[in-house]
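Data block below; observations after.
What's counted below: heavy atoms across the whole structure, side chains too, no hydrogens, waters or symmetry copies. Note that the numbering runs from 1 along the sequence shown for the chain. No experiment lies behind these values; they were computed from the predicted model shown.
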Amino acid sequence: MKNLTLIIPTYNRPQFLQRILEYYNSYKVNFKIIIVDSSIPLNKKLNKKISGLFNKLNILYLDDFYPELAPHHKYARMVRFVKSKYVCFCPDDDFIVPNGIKEAVDFLEKNPDYSAAHGTYISFYENTNLFGSNQFWWMFIYPYQSITSSNPLQRLISHLTNYYQVLWAVRRTDTVKTCYKEFMKSKVDPYLFGELLPDMLTLIFGKMKRLNTFYAARQAFSTSYGYWPSLIDARKEGTYYDEYTKFRNCIAENLAKYGFSKNKSLQIIDVSMDKYLKTTIQEHLMGRANLMLKYFPSFIKSSVRLIHVKYLFSKPKKDRIGLIDNSSSKHFKDFDSVRQTVLKHDV
């Protein structure tokens, strides 16, 4: 997979960087890895040292990013360093499965009208029980469906009204660079529309495939308790409309390249966004709750999260690729590799 670059943005979490690099080292991957570090100086020093331990991996370590840089502005800068045909982003606390990456690349190679491909995601949580043993909790997340309409406006409607991230998919590098060029040109607030705008543009520029494969594992809770302003916050504070105007204009201008009138596009975007906003309420409330935990003692934080995990992760596990923790599953080795890596590091 020398035609792919994996970008790992990292921020003040050396323990996670160590974990994910050990994971890819165990697979002996041959794709290029770019580590984009915006940590404080002390952690940058640690991260650079950690990166140097894995000399069998093709790593480019970049630390010319300041801690205050908005994450999606960071993404816009980091794609400039990619020279391969395909690119994939992977947060330092998550895992994108190498075999899933390969299937996505193979699919995109055969289907030039698709701009993105990924598969099944799981969420995982690790904790230590009363007996001192590490436990690995997991569940399927993101009920992705492929978006295959040949109509760019219809693809956008489908994605907005049933939204799940395309941010972590394997994408064509030229598409990603164009998305972030348009994103920066729009001057939209990166905290409000930094994820949504590049995602929407990805679907305007091509179709999206959801493959029947184990693709990624996402950490259920990070070690930080930060909070990004939500669209609901912006509406309450009266700042939403100005930023939304930039967002919708950018989308409409790019749809115009495919022959859609601006007025028609704006009307449809408005209707679709109303539906999208209804789905963000739960995410907004969970973000607020996570921020509140910051001010509680550690044992309360752990207890609340464990209750939450037991409620969510004890539900029946259903997905089209079957139970991946069953040894008979063709995805079991990839699942177990994630599980063993997480349990080994206990971060």
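With no hydrogens or angles considered, a side-chain donor-acceptor pair links Arg218 and Tyr142 at under 3.5 Å. No donor-acceptor contact under 3.5 angstrom links the side chains of Arg19 and Thr341, judged on distance only. Side-chain atoms of Ser39 and Asp37 include a donor-acceptor pair closer than 3.5 Å. No donor-acceptor contact under 3.5 angstrom links the side chains of Asn151 and Ser149, judged on distance only. A donor and an acceptor atom, one from each side chain of Ser38 and Lys74, are located under 3.5 Å apart. Side-chain atoms of Thr120 and Asp319 form a donor-acceptor pair, as typed in the model, at a separation below 3.5 Å. Side-chain polar atoms of Glu182 and Asn254 form a donor-acceptor pair below 3.5 angstrom. At a cut-off of 3.5 Å, with distance as the only test, a side-chain donor of Glu22 or His345 sits close to an acceptor on the other residue.
Taking 4.5 Å as the limit, every side-chain heavy atom of Leu156 sits out of range of all side-chain heavy atoms of Leu203. In this structure, the side chains of Arg80 and Tyr180 stay at 4.5 Å or more apart for every pair of heavy atoms. When side chains are defined from C-beta on, Ile321 counts as touching Ile324, because their heavy atoms get closer than 4.5 Å. For the pair Phe124/Gln219, a side-chain contact is recorded, criterion being any heavy-atom separation below 4.5 Å from C-beta on. Under the 4.5 Å side-chain criterion, counting only non-hydrogen atoms from C-beta, Lys262 is in contact with Asn249. You'll find the side chain of Ile122 reaches within 4.5 Å of the side chain of Phe335, heavy atoms only. Between Phe31 and Asn3 the shortest side-chain heavy-atom distance does not fall below 4.5 Å. Counting heavy atoms from C-beta on, the side chains of Leu17 and Ser51 come closer than 4.5 Å.
Using a 30° and 60° split on the angle between ring planes, Tyr75 and His72 fall in the perpendicular class, above 60°. Classified by interplanar angle (parallel below 30°, tilted 30° to 60°, perpendicular above 60°), the ring pair Phe193/Phe247 is parallel.
A centroid separation of 6.0 Å or more is found between the aromatic rings of Tyr164 and His159. Between Tyr215 and Tyr121, the distance separating the two ring centers is shorter than 6.0 angstrom.
Here the shortest heavy-atom pairing between Ala216 and Val97 reads N-CG2, 4.1 Å. Minimum interatomic distance between Pro9 and Cys90 (heavy atoms only, all atoms of both residues): CD-O, 3.3 Å. Minimum heavy-atom separation, Pro190 to Ala70: CG-CB, 3.7 Å. Across Met200 and Leu160, no two heavy atoms sit closer than the pair SD-CG, 3.5 Å. Considering all non-hydrogen atoms of both residues, Asn212 and Arg320 come closest at OD1-CD, 2.5 Å. Of all heavy-atom pairs between Ile96 and Phe89, the closest is CG1-O, 4.0 Å.
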Should Phe205 and Arg171 be marked as a side-chain contact (heavy atoms from CB on, under 4.5 Å) after you check the CA-CA gap, both sets of side-chain angles, and the distance that decides it? CA-CA 11 Å; Phe205 299 148; Arg171 292 181 285 173; over 6 Å; no
Show your reasoning for whether side-chain contact (heavy atoms from CB on, under 4.5 Å) applies to Phe107 and Glu109. CA-CA 5 Å; Phe107 178 86; Glu109 281 284 276; over 6 Å; no
Hey, mind stepping through Ser265 and Ile251 against side-chain contact (heavy atoms from CB on, under 4.5 Å) and telling me if it holds? CA-CA 8 Å; Ser265 295; Ile251 292 178; over 6 Å; no
Evaluation steps, salt bridge (Lys or Arg N to Asp or Glu O under 4.0 Å), between Glu126 and Arg339: CA-CA 9 Å; Glu126 182 269 336; Arg339 177 170 60 184; over 6 Å; no
One pair to check against side chain to side chain donor-acceptor pair (under 3.5 Å): Tyr191 and Glu243. What are the steps and the verdict? CA-CA 10 Å; Tyr191 291 102; Glu243 296 303 322; over 6 Å; no
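Residues Ile40 and Leu62 do not share a hydrophobic cluster, clusters being chains of Ile/Leu/Val/Met/Phe/Trp/Tyr side chains in contact below 4.5 Å. Ile7 is connected to Met184 through a chain of hydrophobic side-chain contacts under 4.5 Å among Ile, Leu, Val, Met, Phe, Trp and Tyr, so both are in one cluster. Tyr240 is connected to Tyr276 through a chain of hydrophobic side-chain contacts under 4.5 Å among Ile, Leu, Val, Met, Phe, Trp and Tyr, so both are in one cluster. Hydrophobic cluster membership differs between Tyr11 and Ile33, with clusters built from Ile, Leu, Val, Met, Phe, Trp and Tyr side chains linked at under 4.5 angstrom. Under a hydrophobic clustering in which Ile, Leu, Val, Met, Phe, Trp and Tyr are joined whenever their side-chain heavy atoms come within less than 4.5 Å, directly or via other members, Phe81 and Tyr66 fall into the same cluster.
The CZ atom of Phe16 sits 8.5 Å away from the CZ atom of Phe95 when rounded to the nearest 0.5 Å. To the nearest 0.5 Å, atom OG of residue Ser327 and atom NZ of residue Lys333 are 11.5 Å apart. Rounding to the nearest 0.5 Å places NZ of Lys45 at 13.0 Å from CD1 of Ile50. The OH atom of Tyr114 sits 15.0 Å away from the OG1 atom of Thr202 when rounded to the nearest 0.5 Å. Leu4 contributes atom CG, which lies 6.5 Å from atom SG of Cys88 (distance to the nearest 0.5 angstrom). Taking OG of Ser186 as the reference point, atom NZ of Lys246 lies at 7.5 Å (rounded to 0.5 Å).
Applying the 6.0 Å contact sphere to NZ of Lys330 captures no more than 12 heavy atoms from other residues, nucleotides or ligands. Atom NZ of Lys102 is surrounded by 12 or fewer heavy atoms from other residues, nucleotides or ligands within 6.0 Å. At most 12 heavy atoms of other shown residues, nucleotides or ligands fall within 6.0 angstrom of atom NZ in Lys83.
Each of Asn12, Thr10, Asn47 was checked for a side-chain hydrogen bond (donor to acceptor under 3.5 Å, both in side chains) with Asp92, and the lone residue meeting it is Thr10.
Remark: Trp168 pairs with no residue by the ring pair (Phe, Tyr, Trp, His ring centres under 6.0 Å) rule, at least two apart or across chains.
Lys275 contributes no side-chain N or O that, together with a main-chain N or O of Thr161, makes up a donor-acceptor pair within less than 3.5 Å. Formation of a donor-acceptor pair under 3.5 Å by the Thr173 side chain with backbone atoms of Ser84 is found in this model. Although no hydrogens or angles enter the test, the distance criterion places no donor-acceptor pair under 3.5 Å between the side chain of Asn162 and the main chain of Ser158. Looking only at distances, a side-chain donor or acceptor of Arg155 sits under 3.5 Å from a matching main-chain atom of Ile204.
The existence of a salt bridge linking Asp113 and Lys207 is confirmed by a sub-4.0 Å separation between a basic side-chain nitrogen and an acidic carboxylate oxygen. Lys177 has no carboxylate O lying under 4.0 Å from a charged side-chain N of Asp174, or vice versa, which leaves the two without a salt bridge. Classification of Asp93 and Arg13 as a salt-bridged pair holds, one side-chain N sitting under 4.0 Å from a carboxylate O.
Annotation: cation-pi pair Arg172/Tyr86 absent, no NZ/CZ under 6.0 Å from the ring centroid and within 45° of its normal.
Pairs engaging residues 23-35 under the side chain to side chain donor-acceptor pair (under 3.5 Å) rule: Tyr27-Asp334 [sequence neighbours left out].
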